[in-house]
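Okay, so here's the structure we're looking at.
First listed ligand is number 1; within each ligand, the first listed atom is number 1. The shown structure was predicted, so the numbers you read here are calculated from the model rather than taken from an experiment.
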Amino acid sequence: MNILVTGGAGYIGTHTCIALLEAGYSVIVADNLSNSKRESLEKIKTITNKEVLFYEIDVTNTQAVEEIFQQNSIDGVIHFAGLKSVGESVEKPFMYYQNNLVCTLVLINACLKYDVRRFVFSSSATVYGGNHVPFVETMNFSQTSNPYGETKAMCERILTDITNANPSFTVTLLRYFNPVGAHNSGLIGEAPNGIPNNLMPYVTQVAKGKQEYLNIFGNDYPTIDGTGVRDYIHVMDLAEGHVAALNTVTAGVHIYNLGTGQGTSVLQLIKIFEEVNGIVIRFKITDRRQGDIASCFADVSKARKELDWIAKRDLETMCKDAWRFEQNYNHQVM
Ligand code: NAD
Ligand code: UFG
């Protein structure tokens, strides 16, 4: 089966391409390389010994997307392509709505036109907003706290409406918690441009000496030690969740949390990172970051039951794999 992976050169996309190839799928990647590098696709070949077909296109370009559907027999789409920085979305909301909504609309249009009925969408735990943890798929949400989150909520609604009007369409909305870590080869991983926004890449850059110390955003939250609690999931577990979603879905809209179900504080994560890698992480406590919530973790029982999927890799593995990749990665070259 041929799966079109938009955003397949990015962090989660590359790991998912590996999981798909290992599960026997053929992979076609569409990416404009706005936040990724062509070299990542070559690494996929090194790891799997299999080729992916690559189209360097912008997924907002209807004609370019339709050409992929004309030239290939596509059986399903996994749609990762999108902009993902919460802070940037507050500064440049138009860019976020334009890119993230138009990509999704263009792909839906192509799927309907070329009778491709399987669609898997990258959503986010951010849609749960101010609900109480653990977050359950049935929870209602009205407004998320930033334009990025709004694009995810809007795409979920668009895909739901389209499926209601086209009952043979199969849509899986995967709400990711906090993906971290890297493929255990150390060849691919998370390599953000500039100063990292997210915790794990910041920690690995402190470990490498690229950043002097970590700023911990607040230690006065109502959590175990006052620092923010998140549900960190190994990116390969997340990738395998996509394969499970493709393998098992039936017509209609299906929503799944992809997390571990376990909350970990910033200080707890640092401690595990230090212990497994034998490195001290310098940090300073600073003010809370605007828009952050105290705790975010998943109820994962639905994915376990219906997808027969569960995250297997522990926090120790996440910290080891993230550090292995950082040590291999040359920020100047790639
Ligand atoms: P990423 O930035 O590494 O990957 C996204 C890829 O999409 C990049 O390769 C980028 O070049 C490409 N892209 C963006 N706009 C495009 C366009 N118009 N046309 C073609 N390609 C385009 O991000 P990621 O962490 O791999 O995230 C993948 C998806 O998962 C995103 O939709 C993101 O919002 C979602 N998500 C990520 C997280 C996370 O913490 N990483 C959490 C929840 C949801
Ligand atoms: N944190 C720090 N210092 C840093 C970075 C983060 O203390 O330098 C803290 C945050 O305050 C938070 C925790 O580490 O308590 C995790 O922060 P991240 O930025 O790594 O992740 P978020 O939970 O804020 O957000 C991520 C993605 C969002 C996505 C969300 C839910 O960035 O896009 O997970 O999936 F919506």
Side-chain angles (χ1 to χ4, degrees), residues 5-16 29-38 40-41 55-61 64-65 78-87 89 95-96 98-100 102-104 106-107 121-128 135 144-146 148-149 151-152 155 174-180 189-193 195-203 205-206 211 213-219 221 223 227-233 235 238-239 242 257-259 264-267 269-270 283-298:
V5 182
T6 75
Y11 172 47
I12 306 170
T14 44
H15 291 83
T16 303
V29 167
D31 200 302
N32 65 3
L33 303 181
S34 59
N35 197 35
S36 51
K37 301 277 188 295
R38 188 181 286 270
S40 310
L41 297 167
Y55 287 85
E56 186 177 343
I57 61 146
D58 197 299
V59 178
T60 60
N61 180 337
V65 168
I78 304 183
H79 176 34
F80 292 109
L83 300 172
K84 64 164 183 176
S85 164
V86 171
S89 81
M95 189 168 96
Y96 272 68
Q98 203 269 342
N99 191 69
N100 292 2
V102 176
C103 280
T104 305
V106 165
L107 279 169
F121 178 67
S122 294
S123 190
S124 167
T126 195
V127 299
Y128 289 110
F135 294 146
T144 59
S145 59
N146 56 76
Y148 164 74
T151 69
K152 293 295 177 193
C155 286
L174 297 179
R175 294 179 180 159
Y176 311 154
F177 282 70
N178 287 57
V180 296
E190 188 171 15
N193 293 328
I195 299 172
N197 290 313
N198 296 117
L199 180 62
M200 186 65 95
Y202 208 105
V203 167
Q205 290 201 12
V206 173
Q211 307 293 339
Y213 56 85
L214 171 75
N215 287 304
I216 296 184
F217 299 138
N219 65 350
Y221 285 106
T223 60
T227 63
V229 163
R230 296 291 183 272
D231 185 340
Y232 298 98
I233 173 170
V235 66
L238 191 70
H242 291 73
N257 287 338
L258 295 186
T264 304
S265 75
V266 176
L267 287 172
L269 188 79
I270 292 172
F283 66 82
K284 288 187 183 170
I285 306 290
T286 58
D287 291 343
R288 289 181 179 192
R289 184 171 62 179
Q290 213 189 346
D292 273 357
I293 56 174
S295 292
C296 171
F297 57 92

_Counting only heavy atoms closer than 4.0 Å, does ligand 2 sit against the backbone of Thr227, its side chain, both, or neither?_
neither
*Close approach of Tyr221 to ligand 2, heavy atoms, under 4.0 angstrom*: no
*Starting from atom 33 (O) of ligand 2, locate the nearest protein heavy atom and write down its residue, its atom name and how far away it is, to 0.1 Å.*
Tyr148 CE2, 3.4 Å
*Any N or O on Ser123 sitting closer than 3.5 Å to an N or O of ligand 1?*
no
*Do any heavy atoms of Ile57 fall under 4.0 Å from ligand 1?*
yes
*Of the protein's non-hydrogen atoms, which lies at the shortest distance from atom 18 (P) of ligand 2, and what is that distance?*
Asn198 ND2, 3.4 Å
*Under 4.5 Å between any side-chain heavy atoms of His15 and Leu238, yes or no?*
no
*Heavy-atom contacts with Ile216 under 4.0 Å: which atoms of ligand 2 show up? List them by number with element.*
7 (O)
*For Asn197, take its heavy atoms, then give the atoms of ligand 2 lying under 4.0 Å from any of them.*
5 (C), 19 (O)
_Quick check on contacts: which atoms of ligand 2 are under 4.0 angstrom from a heavy atom of Leu214?_
3 (N), 4 (C), 8 (O)
*Taking only heavy atoms of Ser122, which atoms of ligand 1 are found under 4.0 Å from at least one of them?*
29 (C), 30 (O), 32 (O), 35 (C)
*Just need the protein heavy atom nearest to atom 22 (P) of ligand 2, so name the residue and atom and give the distance.*
Asn178 ND2, 3.6 Å
*Can an N or O of Gly10 be found at a distance shorter than 3.5 Å from an N or O of ligand 1?*
yes
*Out of Ser85, Ser295, Ser124, whose heavy atom is nearest to atom 36 (F) of ligand 2?*
Ser124
*Find all atoms of ligand 1 within a distance of less than 4.0 Å from any non-hydrogen atom belonging to Leu33, and give their numbers and elements.*
11 (O)
*So which protein heavy atom does atom 15 (O) of ligand 2 come closest to, and at what separation?*
Gly228 CA, 3.5 Å
*Which residue supplies the protein heavy atom nearest to atom 24 (O) of ligand 2, what is that atom called, and how far is it?*
Arg289 NH2, 2.9 Å
*Among protein heavy atoms, which lies nearest atom 34 (O) of ligand 1, and at what distance?*
Tyr148 OH, 2.7 Å
*Identify, by atom number and element, the atoms of ligand 2 in contact range of Tyr176, meaning under 4.0 Å from any of its heavy atoms.*
35 (O)
*Determine whether any heavy atom of Arg175 lies closer than 4.0 Å to an atom of ligand 1.*
no
*Give the residue, atom name and distance (to 0.1 Å) of the protein heavy atom nearest atom 9 (C) of ligand 2.*
Val266 CG2, 3.7 Å
*Could an N or O of ligand 1 be found under 3.5 Å from any N or O of Phe80, whether backbone or side chain?*
yes
*Under 3.5 Å, N or O to N or O, is Thr126 touching ligand 2 that way?*
no
*Measure the OH-OG distance between Tyr148 and Ser89 for me, rounded to the nearest 0.5 Å.*
9.0 Å
*Among all protein non-hydrogen atoms, which one is nearest to atom 2 (O) of ligand 1, and what is the separation to 0.1 Å?*
Asn35 ND2, 2.7 Å
*Decide side chain to side chain donor-acceptor pair (under 3.5 Å) for Ser122 and Tyr176; before the verdict, give the C-alpha distance in whole Å, the side-chain angles of both, and the deciding distance to 0.1 Å.*
CA-CA 7 Å; Ser122 294; Tyr176 311 154; 2.7 Å; yes
*asked:* Here's a test for you: under side chain to side chain contact (heavy atoms under 4.5 Å, CB included), which of Asn198, Leu199, Val266, Asp292 qualifies with Arg230?
replied: Asp292
*For ligand 1, note which part of Glu190 has a heavy atom under 4.0 Å away: side chain, backbone, both or neither.*
neither
*Could you tell me whether Tyr176 and ligand 1 have an N or O pair separated by under 3.5 Å?*
no
*asked:* Below the 3.5 angstrom mark, is there an N/O of Leu199, backbone or side chain, next to an N/O of ligand 2?
replied: yes
_Heavy-atom distances under 4.0 Å decide this one: backbone, side chain, both or neither, for Asn215 against ligand 2?_
backbone
*asked:* Just to check, does Tyr232 reach to within less than 4.0 Å of ligand 2 when the distance is taken from its heavy atoms?
replied: yes
*Is Arg175 positioned over the aromatic face of Tyr128, cation under 6.0 angstrom from the ring centre and no more than 45 degrees off axis?*
yes
*So which heavy atom in the protein is nearest atom 23 (O) of ligand 2, and how far is it from that ligand atom?*
Arg230 NE, 2.6 Å
*asked:* For atom 18 (N) of ligand 1, tell me which residue out of Thr60, Thr126, Asn99, Val127 has the closest non-hydrogen atom.
replied: Asn99
*Is the count of non-hydrogen atoms from other residues, nucleotides or ligands lying under 6.0 Å from Glu56 atom CD greater than 12?*
yes
*Record the part of Asp292 in heavy-atom contact with ligand 2 below 4.0 Å; permitted values are side chain, backbone, both and neither.*
side chain
*Please work out which of Ile233, Asn32, Thr16 has its closest non-hydrogen atom nearest to atom 22 (C) of ligand 1.*
Asn32
_Element-labelled atoms of ligand 1 that are located less than 4.0 Å from some non-hydrogen atom of Val59_ = 17 (C), 18 (N), 19 (N), 20 (C)
*asked:* For atom 4 (C) of ligand 2, which of the options Phe177, Tyr202, Phe217 provides the nearest non-hydrogen atom?
replied: Phe217
*Per-atom contacts, ligand 1 versus Pro179 - under 4.0 Å to a heavy atom*: 39 (C), 40 (O), 41 (N)
_List ligand 1 atoms under 4.0 Å from Gly82, heavy atoms only on the residue side._
5 (C), 7 (O), 13 (N), 14 (C), 15 (N)
*Please indicate whether any nitrogen or oxygen in Asp58 is less than 3.5 Å from any nitrogen or oxygen in ligand 1.*
yes
*Numbered atoms of ligand 1 (with element) below 4.0 Å of Cys103, judged on heavy atoms*: 17 (C), 18 (N)
*For Ile12, is at least one N or O under 3.5 Å away from an N or O on ligand 1?*
yes
